[in-house]
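All residue numbers refer to positions in the sequence shown, counting from 1. Only this structure's heavy atoms are used, side chains among them; waters, hydrogens and symmetry mates stay out.
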Amino acid sequence: MVREAKQNDLKELLELYMYLHERSVPELSEHLMSTWDQIIQDENHHLIVNEVDGKIISSCVCVIIPNLTRNARPYAFVENVVTHLQYRGKGYATQCLNFAKDLAEKQHCYKMMLLTGSKDQKTLNFYKNAGYNCTDKTAFIQWIDM
């Protein structure tokens, strides 16, 4: 079942993020809890989860960003696409991305953007099959205080 995250999903999400780039599950600090509350309460920040047998096995984030161009139509940014290792290749992340696209369409977004750090051709093909392309724009990233 694909849905938006709820307040009590934090622990499972943090564990799922271990399949991204995290090295450990962070301590439930005041800062982390404040950040979580901010995410959950932000109407433009959609943390999407896919749940199987009561367990969150895939997720992505879709942020709707207000915009003054394109007739003041917003755009969507997708990040943190992840699936538990044992559930990969079964369409769960695609379901999350489709949920994000539906949200973006309902908000009249004119585009969706997604960045990946992966160079794995299988991952890149996954995003292409989900409707994203890597030819229209060039992405630049500047890391801050890493």
Side-chain angles (χ1 to χ4, degrees), residues 1-29 31-67 69-141 143:
M1 171 181 73
V2 181
R3 62 175 173 79
E4 291 205 45
K6 301 176 200 164
Q7 186 75 35
N8 63 343
D9 290 330
L10 178 59
K11 183 179 183 300
E12 270 193 273
L13 277 167
L14 293 175
E15 291 170 1
L16 182 63
Y17 285 166
M18 293 295 295
Y19 293 98
L20 275 172
H21 46 71
E22 298 300 315
R23 294 192 174 132
S24 65
V25 175
E27 174 186 328
L28 294 178
S29 66
H31 174 69
L32 178 67
M33 296 309 295
S34 173
T35 301
W36 177 240
D37 288 341
Q38 184 179 354
I39 289 169
I40 289 294
Q41 294 170 17
D42 184 344
E43 66 183 27
N44 287 321
H45 199 133
H46 304 274
L47 210 157
I48 300 158
V49 299
N50 199 338
E51 189 177 59
V52 172
D53 296 327
K55 177 181 179 178
I56 295 173
I57 51 88
S58 191
S59 180
C60 74
V61 171
C62 178
V63 180
I64 308 295
I65 302 168
N67 180 41
T69 66
R70 308 280 182 159
N71 291 321
R73 288 179 64 194
Y75 58 93
F77 186 75
V78 175
E79 183 65 273
N80 295 337
V81 180
V82 61
T83 300
H84 188 289
L85 191 62
Q86 295 176 341
Y87 293 86
R88 291 183 184 171
K90 297 179 171 62
Y92 296 120
T94 299
Q95 291 172 355
C96 288
L97 291 175
N98 289 341
F99 191 98
K101 184 177 180 183
D102 289 345
L103 287 171
E105 288 173 341
K106 286 175 186 168
Q107 294 294 317
H108 306 290
C109 292
Y110 76 94
K111 71 177 177 183
M112 294 183 76
M113 295 185 298
L114 179 148
L115 296 175
T116 181
S118 178
K119 305 293 185 219
D120 180 1
Q121 195 59 50
K122 186 175 177 182
T123 301
L124 301 178
N125 288 340
F126 163 74
Y127 290 126
K128 288 177 186 175
N129 290 335
Y132 294 86
N133 76 69
C134 57
T135 58
D136 289 350
K137 299 264 185 176
T138 301
F140 291 88
I141 296 175
W143 298 105

Residues I40, H45; criterion side-chain contact (heavy atoms from CB on, under 4.5 Å); working and verdict: CA-CA 7 Å; I40 289 294; H45 199 133; over 6 Å; no
What distance do E51 atom CD and D9 atom CG have between them, rounded to the nearest 0.5 Å? 7.0 Å
Could you tell me if the side chain of Y17 sits less than 4.5 Å from the side chain of V82, heavy atoms only? yes
Check whether any side-chain heavy atom of D136 lies under 4.5 Å from a side-chain heavy atom of M113, and answer yes or no. no
Within the structure provided, determine whether K137 and K111 are in side-chain contact (heavy-atom separation under 4.5 Å). yes
Just say parallel, tilted or perpendicular for the rings of Y92 and Y87, cut-offs at 30° and 60°. perpendicular
Kindly check if the number of other-residue, nucleotide or ligand heavy atoms within 6.0 Å of CD (Q121) is above 12? yes
Under 6.0 Å from the CG atom of D120, do we count more than 12 heavy atoms belonging to anything else shown? yes
To the nearest 0.5 Å, what is the distance between OH (Y127) and OG1 (T94)? 10.0 Å
Got a second to check how far I56's CD1 is from C96's SG, nearest 0.5 Å? 9.5 Å
Nearest-0.5 Å distance, CG of residue N44 to SG of residue C62: 9.5 Å
Quick check: closest heavy atoms across I48 and S59, and the distance to 0.1 Å? O-OG, 2.7 Å
If I take atom NZ from residue K6 and atom CG from residue L13, how far apart are they, to the nearest 0.5 angstrom? 12.0 Å
Test side-chain contact (heavy atoms from CB on, under 4.5 Å) applied to I65 and N67, step by step: CA-CA 6 Å; I65 302 168; N67 180 41; 5.8 Å; no
What pair of heavy atoms forms the shortest contact from E27 to L32, and how long is it? O-CD2, 3.4 Å
Hey, does T116 have a side-chain heavy atom less than 4.5 Å from the side chain of V81? no
Assess, by modelled atom type and distance only, whether the side chains of N133 and T135 contain a donor and an acceptor separated by less than 3.5 Å. yes
Using a 4.5 Å cut-off on heavy atoms from C-beta on, say whether the side chain of N98 contacts that of V2. no
Evaluate the criterion side-chain contact (heavy atoms from CB on, under 4.5 Å) for residue pair R3 and V49; output intermediate values, then yes/no. CA-CA 6 Å; R3 62 175 173 79; V49 299; 3.6 Å; yes
Would you check if L47 and W36 make a side-chain contact, meaning some heavy-atom pair closer than 4.5 Å? yes
Flag the pair H46 / I64 as yes when at least one side-chain heavy-atom distance between them is below 4.5 Å, and no otherwise. yes
Side chains of Q38 and D42: is there a donor and an acceptor less than 3.5 Å apart? no
Taking atom CZ of R70 as the centre, report whether more than 12 heavy atoms of other residues, nucleotides or ligands fall under 6.0 Å from it. no
Heavy-atom neighbours of E43 CD exceed 12 at 6.0 Å: no
Which heavy atom of L28 sits nearest to which heavy atom of M33, and what is that distance? CD2-SD, 4.2 Å
Is the closest side-chain heavy-atom distance between L114 and L97 below 4.5 Å? yes
Tightest non-hydrogen contact, residues F126 and A93, listed as CZ-CB, 3.6 Å
Heavy-atom closest pair (K128 atom, C134 atom, distance to 0.1 Å) is CE-SG, 3.8 Å
Picking from K55, Q95, H84, what satisfies side-chain hydrogen bond (donor to acceptor under 3.5 Å, both in side chains) with N50? Q95
Nearest-0.5 Å distance that lies between atom CE in M18 and atom CG in L20: 10.5 Å
Could you walk me through whether L103 and E4 pass side-chain contact (heavy atoms from CB on, under 4.5 Å), step by step? CA-CA 11 Å; L103 287 171; E4 291 205 45; 4.0 Å; yes
